[in-house]
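One structure is given here, and the rest of the page talks about it.
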Amino acid sequence: MRIATFNINGIKARLPRLLEWLEETRPAVACLQEIKTQDEGFPAEEFEKIGYKAIWHGQKSFNGVAILADGVEPVETMRGLPSLSDDDEPDEQSRYLEAEVNGVRIANLYLPNGNPQPGPKFDYKLRWMKRLRMRMHDLWQCETPAIVLGDYNVIPESKDTYSVRAMADDALTQPASRDAYMRLLGDGWTDALDTLNPRGGVWTYWDYQRGAWQRDHGFRIDHCLLSPELADRLISAGVDKEYRGREKASDHAPVWVEISD
DNA sequence: ATGCCCTGCAATGCAGGA
């Protein structure tokens, strides 16, 4: 089965591109980020028409995540990340949605960007990563096949950006961001795309500005992390790069993994 | 040092993204 992630940057503006991609590549599961719409504005019927059932966690104007499954209803297991302690606020932003699809736990995330850094937005990013790690500990304990995928907003290593220098002050490359990401890998999760492309140079995002796409000035921030049960079944992983070059494209390209059934 | 480009919301600009 193919499981994909796609930061679509606005589901209303992207709907034709999104439907086109679903029909052309037909992933079993598609995790979407930045749907940028409230729950009632989600075009579920458009996906039903082409055979996908969806669950979603929306928010007005910003953020928002959704899980689409081919022919089956995703069974929701969590909406938003749990607090770290009793005096910790629940997350008010719609950035996490988790479901079971065909015996696989699917955790879809849109991690905070964190710019500018340092500052409150960067602090929020790091706190959010702490919450995520706690949730991934629980998923690990379940010993069920699990994939935690989405827009992590972290460039893990120098080999994952066209220019180390251009990104030096960005929240995406800060040691604290990278450390938090590396801790997830240290816990035993497998970065699918990195495992199959150890030399790097694979991008999932190209800025709209400065002709970044035309100059191939990209970086890798959309990741698929696999539990050991799924890592053993990993066949291939890739980026649907071509979709970044189409009319009215998102600034991200879809990323996918192929898992043996 | 800042804007570049794009989206949504609402309004002829703004916040937020990365």
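These numbers come from a predicted model, not from an experiment. The sequence lines fix the lettering, A, B, ..., with proteins before strands; numbering per chain opens at 1.
A donor-acceptor contact shorter than 3.5 Å links the side chain of A/T204 to the backbone of A/I221. Proximity of a side-chain donor or acceptor of A/R14 to a complementary backbone N or O of A/I8 within less than 3.5 Å is detected. Listed for the A/T77 side chain is a donor-acceptor partner under 3.5 Å among the backbone atoms of A/E98. Between the side chain of A/R244 and the main chain of A/Y205, no donor-acceptor pair closer than 3.5 Å is present.
Sequence order on DNA chain B of the closest nucleotides to A/G10 and A/F219 puts A/G10 first from the 5' end. DNA chain B is contacted by both A/P112 and A/Q209; A/Q209 maps to the nucleotide lying nearer its 5′ end (nearest heavy atom per residue).
Other residues, nucleotides and ligands contribute over 12 non-hydrogen atoms within 6.0 Å of the CG atom of A/D216.
Here the separation of B/dT7 from B/dA18, taken at their P atoms, is 14 Å to the nearest Å. The same atom, C1', is picked in B/dA15 and in B/dG3; the two are 15 Å apart, to the nearest Å. The P atoms of B/dG16 and B/dA10 are separated by 15 Å, rounded to the nearest whole Å. Annotation: B/dG13 and B/dC4 have their P atoms spaced 13 Å apart (nearest Å).
Here B/dC6 presents its C1' atom at 12 Å from CG of A/N7, a figure rounded to the nearest Å. Taking atom OH of A/Y205 as the reference point, atom P of B/dC5 lies 13 Å away to the nearest angstrom. Atom CG in A/N113 sits about 15 Å away from atom C1' in B/dT7, given to the nearest Å. With rounding to whole Å, A/L111 atom CG is found 13 Å from B/dA18 atom C1'. Note: CD (A/Q117) to P (B/dG17) measures 15 Å, nearest angstrom. Between the CH2 atom of A/W213 and the C1' atom of B/dA18 there is a distance of 17 Å, given to the nearest Å. Remark: C1' of B/dG8 and CZ of A/R14 are 12 Å apart, rounded to the nearest angstrom. In this structure, the CD1 atom of A/I11 is 20 Å from the P atom of B/dC6, given to the nearest Å.
Both the sub-6.0 Å distance and the 45° axial angle are satisfied by A/R2 relative to the ring of A/W256.
The phosphate of B/dA18 (OP1 or OP2) has a side-chain N or O of A/H252 nearer than 4.0 angstrom. OP1 or OP2 of B/dC5 has not a single side-chain nitrogen or oxygen of A/R210 nearer than 4.0 Å.
Here A/D251 lies out of heavy-atom contact (under 4.0 Å) with every strand. No contact: A/Y152 has no heavy atom under 4.0 Å from any strand. At the heavy-atom level, A/D151 lies under 4.0 Å from the strands shown only through sugar-phosphate atoms. Using a 4.0 Å heavy-atom distance criterion, A/N63 is classed as making no nucleic acid contact.
For A/F62, the ring-ring contact (aromatic ring centres under 6.0 Å, His included) criterion is met by no residue, not counting sequence neighbours.
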ask   = side-chain contact (heavy atoms from CB on, under 4.5 Å) between A/K125 and A/L172: does it pass, once the steps are laid out?
value = CA-CA 10 Å; A/K125 176 183 192 135; A/L172 278 55; 4.2 Å; yes

query = So A/R127 and A/D91, salt bridge (Lys or Arg N to Asp or Glu O under 4.0 Å) or not? Walk me through it.
reply = CA-CA 10 Å; A/R127 277 204 311 280; A/D91 197 359; over 6 Å; no

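Near DNA chain B, meaning a heavy atom under 4.0 Å away, there are no residues from residues 174-181 of chain A.
The aromatic ring centroids of A/F42 and A/W56 lie less than 6.0 Å from each other.
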Hey, what are the protein-to-nucleotides 9-16 of chain B N/O distances that come in under 3.5 Å?
unit_1	atom_1	unit_2	atom_2	d
B/dC9	OP1	A/S61	N	3.4
B/dC9	OP2	A/K12	NZ	3.3
B/dA10	OP1	A/K60	NZ	3.4

